[in-house]
Amino acid sequence: MGAKPAYRDRPAAEVGILDALVDRADEGMTVLELRAAVDTDIDRIESALAALKDDGLIVVNDENGTIRIHPADEVVPDPTADVDPEDPSLLDVLRDRLGL
């Protein structure tokens, strides 16, 4: 599913983390699970997690002695929204045309 389009203009590591967390929003993820899901080094993941936490976009919980990270509610798109995933956003069209 991925994070809401409003949060896709962040650095790649942060977007990757948000997308992974949104996909597993109910159960959350550990740092090791995020490391396996996001294609970047652990230092960038740690920096991205710190930035996302400072911005209030993730929630960190201690569940039975295991630290689990969840996306903030505002990051998770509404699954009932009438959005066609095949229809690219204006930002996606611009990125494609500029070769980004």
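What's counted below: heavy atoms across the whole structure, side chains too, no hydrogens, waters or symmetry copies.
Applying the side-chain hydrogen bond (donor to acceptor under 3.5 Å, both in side chains) rule to Asp55 yields the partners Arg10; only residues at least two apart in sequence or on another chain are considered. Under the side-chain contact (heavy atoms from CB on, under 4.5 Å) criterion, Thr30 pairs with Leu32, Glu33, Thr66, Arg68, sequence neighbours left out. In this structure Arg35 satisfies the side-chain contact (heavy atoms from CB on, under 4.5 Å) test together with Ile42, Ile45, sequence neighbours excluded. In terms of the side-chain contact (heavy atoms from CB on, under 4.5 Å) criterion, Asp39 has no residue partners (sequence neighbours excluded). The side-chain contact (heavy atoms from CB on, under 4.5 Å) check on Ile67 picks up Val60, Asp62, with sequence neighbours excluded.
Across all non-hydrogen atoms, the minimal contact from Ala72 to Val59 is CA-CG2, 4.3 Å. In this structure, Ala13 and Thr40 approach most closely via the heavy-atom pair CB-CG2, 4.2 Å. Across every non-hydrogen atom of Tyr7 and Leu18, the tightest pair is CB-CD1, 4.0 Å. The heavy-atom pair separating Ala51 from Glu14 by the smallest distance is CB-OE2, 3.4 Å. Considering every non-hydrogen atom in both Ala20 and Met29, the closest pair reads O-SD, 3.5 Å.
Between the CG atom of Asp19 and the CZ atom of Arg8 there is a distance of 4.0 Å, given to the nearest 0.5 Å. To the nearest 0.5 Å, atom CD of residue Glu27 and atom NE2 of residue His70 are 8.5 Å apart. Once rounded to the nearest 0.5 Å, the distance linking CG of Leu34 with CG of Leu49 reads 6.0 Å. Taking CG of Asp92 as the reference point, atom CZ of Arg97 lies at 12.5 Å (rounded to 0.5 Å).
Among residues at least two apart or in separate chains, salt bridge (Lys or Arg N to Asp or Glu O under 4.0 Å) pairs with a member in residues 43-54 are Asp41-Arg44.
Both Ile58 and Val22 sit in one connected hydrophobic cluster of ILVMFWY residues. Membership requires side-chain heavy atoms under 4.5 Å apart, directly or through other members. Both Ile17 and Val31 belong to a single network of hydrophobic side chains, linked directly or stepwise wherever heavy atoms of I, L, V, M, F, W or Y lie under 4.5 Å apart.
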